[in-house]
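A, B, ... follow the sequence lines: proteins, then strands. Residue 1 opens every chain. A quick note: this is a predicted structure, and the numbers were derived from the prediction, not measured.
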Amino acid sequence: MSSRTHKATSPRRNRPELKWPARLLAWFETSKREMPWRTEPVPYRVWISEVMLQQTRVETVIPYFERFLARFPDVHALAAAQPQEVLKLWEGLGYYRRARMLHAAAKEIVATNDGKLPREPEALRRLPGFGPYTAAAVASIAYGVAEPVVDGNVLRVGARLFGSDEDITKSATHTALTERLRPALEASGDPGTFNQALMELGSLVCVPREPRCDTCPLRNDCVARREKRTAELPVKAPRKARPHKHIAVGVCWRRGKLLIGRRRDDQMLGGLWEFPGGKIESGESPEQAAVREVAEETALTVEPCGTYAHVEHGYTHFTVTITAIRCRVLKGRTRARSAAELRWIHPSELAEYPFPRANQRIIEAIHKQELHA
DNA sequence: AACGCGGGGAG
DNA sequence: CTCCCAGCGTT
């Protein structure tokens with residue numbers, strides 16, 4: 001057979017003789033992106049990647065995944081780690097509870113299952129941090145178990161492919177799509193690849209705005225495409241407006257050291273370090289607020305002596321302006337009143353502690369200002 | 001079922 | 001700017 005006769009199997013062709021699950025797999029084979037966890041999909045690597053990928057883009061995750069795997073190459077290494085070191089490797093990735101649950105699950109897997117991840121979704125679900133998505137992803141990708149994954153990409157692809165008007169933010173829609181996909185996943189004969197292919201399609205082709213239908217392997221199967229409703233689907237309830245907060249923090253110096261506090265595990269940004277501070281009350285200046293908050297949180301009496309930075313930062317549910325005030329300690333002895341722990345450290349030690357993004361910007365300003373002083 | 005939780009990239 | 005993303009645990 002000459003290669004010239006192989007047109008029928010050309011990757012670019014849409015292959016109408018195949019049903020959509022098979023066509024999806026064929027598209028994925030030629031269009032998938034390279035990812036570090038795809039080269040060797042053993043359970044541990046699949047698990048770490050899937051947790052990092054929760055609400056986080058592939059390009060963002062890749063460098064974190066490489067560093068994490070280099071330091072914790074297997075579940076035993078992770079289980080033996082210090083919580084603060086796990087958080088430090090997670091620094092900047094967000095949703096820090098993921099890191100704590102990952103660590104907790106690793107310890108549990110070592111303690112109860114000899115370091116081996118369970119195969120069945122129901123067993124995986126009992127581990128910390130394993131919800132429907134992660135359990136299905138690990139079971140299907142690492143073990144070939146036929147369980148559909150339904151993430152944001154799949155919800156969007158499914159709504160368009162099946163022409164569904166249901167609000168994709170509703171859990172009932174999520175459940176219905178899972179069951180509607182199950183026969184297609186089984187027909188594909190390759191659950192792990194089917195699941196990854198559907199997500200990859202949502203990420204590369206069936207994107208939220210202006211989907212690239214002309215290159216879609218499912219363009220002739222898609223109800224939204226046929227009815228010219230790709231712009232209307234999926235239906236999604238509008239989200240609430242984000243309030244804005246004004247925060248002042250005190251960067252307190254005493255004998256060449258500065259004061260940082262560790263946030264409690266049950267708080268937002270739990271386990272990460274920060275400079276003491278809080279909301280600026282009406283009528284207060286940032287300096288007054290910083291002095292008051294430092295007193296309330298650390299029992300220290302301080303006086304303001306400059307401003308390091310105004311940092312703007314957006315979280316999912318609110319935005320914030322943080323004013324970082326340079327402070328000199330007048331008197332008092334530190335007592336942690338809201339932080340899990342307070343610590344005096346040299347500026348050179350800041351890099352050893354995990355800080356949230358907004359605080360990292362403050363640290364940059366400190367280094368810049370104190371270096372030039 | 002609704003809500004809170006980070007951060008960054010795309011349009 | 002706004003929207004969205006390989007979700008989970010709590011209430």
Side-chain angles (χ1 to χ4, degrees), chain A residues 28 32-33 35-38 41 45-65 87 90-102 104-105 124-142 148-157 167-175 178 192 194-204 206-211 234 236-244 263 265-272 274 311-320 354-361:
Chain A
F28 182 68
K32 65 186 175 191
R33 292 169 289 180
M35 301 177 194
W37 47 90
R38 280 186 175 163
R45 295 170 63 90
V46 172
W47 171 38
I48 302 301
S49 69
E50 292 299 343
V51 172
M52 287 185 171
L53 286 163
Q54 290 168 13
Q55 301 296 95
T56 311
R57 290 185 160 70
V58 169
E59 312 79 63
T60 305
V61 164
I62 288 174
Y64 281 90
F65 178 84
L87 267 181
W90 211 267
E91 185 184 52
L93 202 50
Y95 284 112
Y96 298 95
R97 195 174 49 174
R98 292 183 294 177
R100 294 202 306 277
M101 293 189 295
L102 195 69
L124 289 163
R125 277 298 303 272
R126 291 184 217 115
L127 293 164
F130 278 83
Y133 170 79
T134 309
V138 171
S140 65
I141 298 170
V149 301
V150 178
D151 71 336
N153 283 311
V154 176
L155 279 165
R156 184 176 56 256
V157 172
D167 181 347
I168 62 166
T169 66
K170 303 286 186 187
S171 58
T173 307
H174 188 286
T175 306
T178 304
F194 178 90
N195 281 336
Q196 293 183 79
L198 216 45
M199 293 189 283
E200 193 85 326
L201 188 70
S203 182
L204 297 180
C206 196
V207 293
R209 281 170 296 197
E210 299 184 32
K236 195 167 185 177
R239 45 178 78 184
K240 295 177 183 174
R242 294 186 299 178
H244 187 82
R263 296 178 64 87
D265 282 352
D266 59 354
Q267 290 180 299
M268 173 180 168
L269 306 169
L272 276 74
E274 65 179 2
V311 171
E312 301 287 342
H313 192 75
Y315 294 99
T316 310
H317 298 285
F318 63 93
T319 57
V320 63
F355 284 88
R357 268 288 184 257
N359 274 265
Q360 290 177 21
R361 306 228 165 84

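In this structure, A:F130 and A:W47 have parallel ring planes: the angle between them is below the 30° cut-off, well short of the 60° mark.
The side chain of A:K240 places no N or O atom within less than 4.0 Å of a non-bridging phosphate oxygen (OP1 or OP2) of B:dA2. Phosphate proximity of B:dG7 to A:H313: present, with a side-chain N or O under 4.0 Å from OP1 or OP2.
One can place NE2 of A:H317 at 14 Å from P of B:dA2, the figure rounded to the nearest angstrom. Whole-Å rounding puts the A:I62 CD1 to B:dG8 P distance at 16 Å. Rounding to whole angstrom units, CD of residue A:Q360 and C1' of B:dG8 are separated by 13 Å. In this structure, CG of A:L269 is placed 15 Å from P of B:dG4, rounded to the nearest angstrom. Between the C1' atom of B:dG7 and the CE atom of A:M52 lies a distance of 14 Å, rounded to the nearest Å. Straight-line distance from the CD atom of A:Q267 to the C1' atom of B:dG4: 14 Å, rounded to whole Å. For A:N359 and B:dG7, the CG to C1' distance is 14 Å, given to the nearest whole Å. Following rounding to the nearest Å, A:K170 (NZ) and B:dA1 (P) show an atom-to-atom distance of 8 Å.
Among residues two or more places apart in sequence or in another chain, the ring pair (Phe, Tyr, Trp, His ring centres under 6.0 Å) test is passed with A:Y64 by none.
Between the side chains of A:T319 and A:E312, no donor-acceptor pair is found at a separation under 3.5 Å.
Rounded to whole Å, the separation between the P atoms of B:dC3 and C:dA6 comes to 23 Å. Straight-line distance between the P atoms of B:dG6 and C:dT11: roughly 16 Å, to the nearest whole Å.
No close placement of the A:Y315 and A:H317 rings is indicated, their centers lying 6.0 Å or farther apart. A:W90 has its ring centre no less than 6.0 Å from the ring centre of A:Y95.
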* To do: Would you check, one step at a time, whether the test side-chain hydrogen bond (donor to acceptor under 3.5 Å, both in side chains) holds for A:R242 with A:T316?
  => CA-CA 8 Å; A:R242 294 186 299 178; A:T316 310; over 6 Å; no
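A:R38 has its side chain within reach of A:K32: a pair of non-hydrogen atoms, C-beta onward, lies under 4.5 Å apart.
Nucleic acid contact class of A:R361 (heavy atoms, under 4.0 Å, all strands): sugar-phosphate only.
Where A:F355 and A:S171 meet DNA chain B, the nucleotide closest to each residue was compared, and A:S171 sits on the side nearer the 5' end. Sequence order on DNA chain B of the closest nucleotides to A:T169 and A:L272 puts A:T169 first from the 5' end.
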* To do: Starting at the 5' end of nucleotides 3-11 of chain C, put B wherever the base has a protein heavy atom under 4.0 Å, S where only the sugar-phosphate does, and a dash everywhere else.
  => -BBBBBS--
